[in-house]
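Report on the structure given below.
Naming convention: chains lettered A, B, ... in sequence-line order (proteins, then strands); numbering from 1 in each chain. Since we're looking at a predicted model, the values are computed, not measured.
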Amino acid sequence: MKDIGVFICHCGVNISNTVDVKKVIEEISKIQNVAICKDYQYMCSDPGQEMIKRSIKEHDLDAVVVAACSPRMHEPTFRATVSDVGMNPYCFEMSNIREQCSWVHTDKEKATEKAIDLVKGAVARAQLLEPLQSEGFPVVPSALVIGGGIAGIQTALDIANSGYKVYLVEKEPSIGGHMAQFDKTFPTLDCAACILTPKMVDVARHPKIELLTHSEVESIEGSVGNFIVNVKKKPRYVDMDKCTGCGNCAVNCRLVGKISSEFDMGLAKRSAIYVPFPQAVPLKYTIDPDACLFLKHGRCGKSPKCVDVCTTDAINFNDEPKTIEFNVGAIVVATGYREFTAERKPEFGYDLYPNVMTGLELERIFAPSGPTGGKPIINGKVPKKIVFISCVGSRDKKVGHPYCSRVCCMYIAKQAHLLKEKIPDSDITVMYTDMRSFGKGYEEFYERVQKEGVKYRRGNASEVYGNDGKTYVRAEDTLLGIPYELEADLIVLGTGLEPDPNAGDVGKMLHLSLSSDGFFLEAHPKLRPVDTVIDGVFLAGTAQGPKDIPDTVAQASGAASHVVNLLSKKEVLSEPTIAVVNEDMCVGCKTCMLLCPYDAHEFDEDKGVMKINTALCKGCGSCSAACPSGSIKMNHFTKDQIVAQILEVL
Amino acid sequence: MDSEWEPKIVGFLCNWCCYAGADMAGTSRMQYPPNIRVIRVMCSSRLNAEMIIKAFQAGADAVFIGGCHPGDCHYVDGNYRTKKRVDVLKRLIGYVGIEPERLRLEWISAAEGEEFAKTMRELCDEIKNLGPSPLKQIAEEMV
């Protein structure tokens, strides 16, 4: 029989308000192999942990049970506590009487009864726990950053500046992301390009950063310390080494000015061979295979003009996708967001009226390199009556986005300011739900914009409609309690942020969970906002949830520091909770082999038994559940341990 | 039926999705009946018929299994294995006289705290309507 110590936490009053801790102690103390059962106000605090350590020594305990919060929260804390005094960390068991008991029930008697059952189950399990040994294995001193927006750029630079190799993968031909599309940034009105492009150039020049643009992550295997990554480099049809970025090819392309530019939100036209924007990094041209006449039809006039004019012979129509493989110790997911699709709010007539545009489209109108050269011209005219509609695709349950996008209030304020600056006699009205100007200098900026004559009317718009060639916005002023209508030459939809559907593939490869809003879920909403539950995988920027540029950069640097922290370790410890084969019992039926998602099972021809590769097994236990002869033991979740727990919780 | 009777439910929750979802229900203080006794497993595919039958034998009125949504399994496709096993087992327990509704498999993600609480409320009501497990009654008669 083992001697088990049981420690019940009050968690202040979080547990003890609903669970009668005294009663739990009374019941648990009756169990024969419980050598000591104590409670404490905050078990995770220093004195709490000290109490556990002291008890282990005093009572020569073989196993420890802590009944407190979720093991997803503090299992690592208490495993470290018991190891400090020489106990194997896998002889520790946690019983979740907070998240799954005291916080979800109000009936004190029943909650106490449940807590007793749960702790009994944990004690029964602890009785059968076996010490397990982790193996150390080396950490590959490099990192993968997925996404080349401002989040990915900042993360890559921070990691690389600490001396570690970084692979930065971007699916577009250039890094820069959404920030490259913006004209000015709120509230300081910094020119976005002026603060972003130097960083983009730094990335390209950095000896420690390998930039993989126009590339997509194809597969990721392995685990913390050693992920095996396959990246597909899509064909550019232009030799990166030869292209000088002179742009002669684009000017001479037969399709010049005919292909809709993604970067300019379809407001401008490009050629079939293009760079997304003039400051693109790398400044190398790319042929769009869906547009190029030669790639589509096999001919382009007598000979393709791009080939004719290229002095370095860089065009290569035979270019093919290449897959490269490399190993990294850590991964940062910085896949960003997508602008809300305005078509999903048909009442605003985005499809019908050319003078209804989204926030991101207006950014391009403002941009000096944009479709109008920065002049505020909408459909050939300078608008005078302008209406902004906020919360389009945010705080809107009808489109499945109950969340606030956190940037729209401020980008609307900025755009209203810029329009007022460019068109001083314009009449600008912002129809807002609530003003959210929470960042540093944001409220002051909002006040400034109001003083400049931009009118703010509370209450959202209900409809945009056209009559006699004019457009009107119908809304309700919720402060005055009256419905009203405004005629407008320009209607700007304050479109929100939504998860990028392309990020889903990356999420699946890494087995990341999503929050209810569809963005990636962090390991803890308060204390681990850049970690994921997958060791070695971190989040940066809007992939995790809507945020502005300062917050994105801060999180990116946070993620980078976690990566550096990990890479600076010589080795990481393997998780010993894996499946093991009892060779004496195995009959070599290979059932397990068919089940394993990681191909960790090999058949030993000589012995006629199965073997499990400890480096590949991730410990799901599926093979153990299916083994007909019962010869696969799933460490830490053995059949006996689970059954003992079942019998005691009932 | 005795209105005071409270069913006992054993819940096997996978660590990555449903267990985290149950934690989320707790963090968000979403209330549900205290009838479930949760056992954490790394993957729902760790479970086999033996463990589930053991739970019924030991007096469970229902067994709940919570895994990741299809395609979201932390171990690639463990949840598909679970689905197959549970489907077969449901027929088997039905054959021996235990209502198949007493064995329930649900996909609940780490973010679906409300979904977990709602499922618990529904399951508890359903089992209350069904009454105590016939296996338990037989065991009591035998005693």
Given heavy-atom pairs under 4.5 angstrom as the criterion, report whether the side chain, backbone, both or neither of [X] touches chain B.
X         : value
Leu514(A) : backbone
Val643(A) : side chain
Leu650(A) : both
Ala122(A) : neither
Asn14(A)  : side chain
Thr106(A) : both
Ser624(A) : both
Thr112(A) : neither

*Strictly under 6.0 Å, is that where the ring centroids of His105(A) and Tyr32(B) end up?*
yes
Pair [X], [Y]: side-chain N/O donor-acceptor within cut-off below 3.5 Å:
X         : Y         : answer
Asp599(A) : Asn613(A) : no
Trp107(B) : Asn79(B)  : no
Arg40(B)  : Asn15(B)  : yes
Ser219(A) : Asn230(A) : yes

*Can you establish whether the number of heavy atoms outside Lys84(B) located under 6.0 Å from its atom NZ is more than 12?*
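Result for NZ/Lys84(B): open.
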*May I ask you to say whether Glu50(B) pairs ionically with Lys639(A), meaning some side-chain N is under 4.0 Å from a carboxylate O?*
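Yes.
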*Are Asp61(B) and Lys8(B) ion-paired here, with the side-chain N under 4.0 Å from a carboxylate O?*
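Salt bridge: no.
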*Answer yes or no: is there a donor N or O on one side and an acceptor on the other, between the side chain of Thr82(B) and the main chain of Ser45(B), under 3.5 Å?*
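Here the side-chain-to-backbone pair exists.
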*Is it the backbone or the side chain of Tyr19(B) that comes under 4.5 Å from a heavy atom of chain A, or both, or neither?*
both
Contact winner vs chain A - [options], heavy-atom pairs under 4.5 Å:
options                                  : answer
Gln31(B), Met24(B), Met120(B)            : Gln31(B)
Met51(B), Arg81(B), Glu114(B), Glu112(B) : Arg81(B)
Ala111(B), Cys14(B), Ala117(B)           : Ala111(B)
Ala55(B), Cys68(B), Gly78(B), Ser44(B)   : Ala55(B)
Ile9(B), Asp77(B), Asn35(B), Val38(B)    : Val38(B)
Lys54(B), His74(B), Met30(B)             : His74(B)

For chain B, find which of [options] contributes the most heavy-atom pairs closer than 4.5 angstrom.
options                                    : value
Arg125(A), Lys618(A), Lys110(A), Gln100(A) : Gln100(A)
Ala579(A), Gly621(A), Ser622(A)            : Ser622(A)
Leu510(A), Leu118(A), Ile646(A), Asp517(A) : Ile646(A)

*Please lay out, stage by stage, how Asn635(A) and Thr577(A) fare under the test side chain to side chain donor-acceptor pair (under 3.5 Å).*
CA-CA 5 Å; Asn635(A) 278 342; Thr577(A) 53; over 6 Å; no
*Compare every heavy atom of His511(A) with every heavy atom of Ile534(A), then report the nearest pair and how far apart it is.*
CD1-O, 3.6 Å
